[in-house]
2 protein chains.
Amino acid sequence: MGSEGSTVKERLLKSATEVFGEFGFKGATIREICRRAGVGISLVNYYFRDKEGLYLEVYRELFTGAIREYPPDMGLDENAVPEDRLSAFIRSFLYRMTMVGGRHSLIMRELLDPSPSLIRLHRELAMPLQKTLTEILTELLDPQCCEEDLGYCATSIIGQCMFYGPSTQRFRQRIFSLDSDEKIELVTSIITAFSLGGIRAINEKEHTKGVIHEA
Amino acid sequence: MGSEGSTVKERLLKSATEVFGEFGFKGATIREICRRAGVGISLVNYYFRDKEGLYLEVYRELFTGAIREYPPDMGLDENAVPEDRLSAFIRSFLYRMTMVGGRHSLIMRELLDPSPSLIRLHRELAMPLQKTLTEILTELLDPQCCEEDLGYCATSIIGQCMFYGPSTQRFRQRIFSLDSDEKIELVTSIITAFSLGGIRAINEKEHTKGVIHEA
DNA sequence: AGTTGTTTTAAACGCTTGTTTAAAACAACT
DNA sequence: AGTTGTTTTAAACAAGCGTTTAAAACAACT
């Protein structure tokens, strides 16, 4: 059952990643995690203090591992044009989501009812991503755009990406799932084009203040 | 404690809406729901068969109530220009989210681990929304755009809106929360402009097939 | 072989959950 | 007043949870 050939701690982390991904924090049980790891049920408390301690370590490992494999610049030169860097950012985001998610989703799942320590951890881990996107948008947006416009554009871009995540799979048709590298590339190009058009529109709006606005 | 002056069934529905919204389906307990309604704990099973029966009724009531109050056309004439109808659609979406959500979120919350009956119910309820957006996009997109492009644009728009929902509140800064009507109007205009720009970009891309694409 | 400290187990604890049961309270009608 | 059927309660049930405990297995070193 439990994959031998590695330490108990590693096996627990692996099975915990599976089980938390399938059932979420509340739905996952220590018993099932230990069953899949092939060990007794008290070892979680022995190695990770408690259930949340194990969860935090799984979360951190998944997050940093995904960023290590798909960094937000995707190895692109930092002097590349911002359009290409935006595309790389979106591509990396989509790859990380499908990598971490698989059929299920762990990251961006429990964020509905997160414990304070999880919020802190997530904020810490997501910091470099936010920084990268801000840098890209600073170059793409007109200098006269206010800081809030930048935030709204970032929100629109992240929102589009996240909606392709496994957590919202039930909403979409199967056609729009990221189930192959080709599909990821296609969605990357769509979101990139859509967003560049959106950014252009925001820039134009900034030029012609006084927008038509229906009641 | 429990607001008197209405039937037990109504009081249960009301407190269940609160508790499910705060803790989600799995986190909510029948005992807490009944405590807030001021009745014994067996009445949920008496009136609604079981916990899921109560949840489905709460979900349906919330969803249809929100659409009744903020219909996807916002009372706009159906001959209005598609730009305005898109704006109205986005506005209604945001209003429904904040209305249903409040501090917490019920709809679009348990969709991560939904029961089969909840999926069925949600699909049924969300149908008219999808239909409305499709109609709008049909007018906005070039006739030569394929059906998939329409789906991707719809996904981008819904994704942007949903990311302002209460479920992802922890991700954003407080500035980008929909905590007043003015903020909703502002976000509506941003998402509308951004999306119209995005749609225009998709239309243009369709004209000039053979897009630059970095490795 | 014996001691010491770590790792692992099996069993139990205490608590909470959704649901059921049997009886009590109530209302309506004869 | 008495019967009947519905509504409500309080208590109990069975199952599952995270965690703890005490003892067993193991390894390393003297």
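Owing to the predicted nature of the structure, the values given are computational and were not obtained by experimental measurement. Sequence lines set the chain letters: A, B, ... in the order given, protein chains first and strands last, and positions in each chain run from 1.
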Indicate yes or no: does B:Arg120 engage B:Glu124 in a salt bridge with an N to O separation below 4.0 Å. no
Using 4.0 Å as the upper bound for N to carboxylate O, is an ion pair formed by B:Arg35 and B:Glu32? yes
Output the rounded distance in Å from CG (A:Asn45) to C1' (D:dT20). 8 Å
Please tabulate, one pair per line, each protein N/O and nucleotide N/O from nucleotides 8-10 of chain D that are separated by under 3.5 Å, including the distance.
unit_1, atom_1, unit_2, atom_2, d
D:dT8, OP2, B:Tyr47, OH, 2.4
D:dT9, OP2, B:Gly40, N, 2.6
D:dT9, O4, B:Ser42, OG, 3.4
D:dA10, N6, B:Ser42, OG, 3.0

Separation of atom CZ in A:Phe48 from atom P in D:dT19, rounded to whole Å: 13 Å
Rounded to the nearest angstrom, tell me the gap between atom NZ in A:Lys51 and atom C1' in D:dT19. 12 Å
Cationic N near anionic O, under 4.0 Å, B:Lys14 to B:Glu18: no
Presence of salt bridge, A:Glu139 and A:Arg85, under 4.0 angstrom: yes
Is the shortest side-chain N to carboxylate O distance from B:Arg36 to B:Glu22 below 4.0 Å? yes
Return the value, rounded to whole Å, for the distance between atom NZ of A:Lys9 and atom P of C:dT7. 10 Å
When the distance from CD1 of A:Ile30 to C1' of C:dC15 is rounded to whole Å, what number comes out? 15 Å
Run the side chain to side chain contact (heavy atoms under 4.5 Å, CB included) test on A:Val58 and A:Leu54 for me, step by step, so that the C-alpha distance in whole Å, both residues' side-chain angles and the decisive distance to 0.1 Å come before the verdict. CA-CA 6 Å; A:Val58 165; A:Leu54 172 57; 4.1 Å; yes
Interatomic distance where NZ belongs to B:Lys26 and C1' belongs to C:dT16 [whole Å]: 16 Å
So that I can compare with my own list, what are the stems of DNA chain C, taken as at least three consecutive Watson-Crick or G-U pairs with distances under 3.5 Å? C:1-30 with D:1-30
Tell me: CZ of A:Arg31 to C1' of C:dT17, nearest whole Å? 14 Å
With no hydrogens and no angle check, just 3.5 Å: does a side-chain donor-acceptor pair link B:Ser92 and B:Arg96? yes
Note, B:Met97 side chain near B:Leu94 side chain (heavy atom, < 4.5 Å): yes
Here the distance between atom C1' of C:dT7 and atom CZ of A:Arg11, to the nearest Å, is 12 Å
For A:Phe48 and A:Lys9, what are the C-alpha separation, side-chain angles and deciding distance, and is it a side chain to side chain contact (heavy atoms under 4.5 Å, CB included)? CA-CA 9 Å; A:Phe48 303 96; A:Lys9 203 171 173 183; 3.6 Å; yes
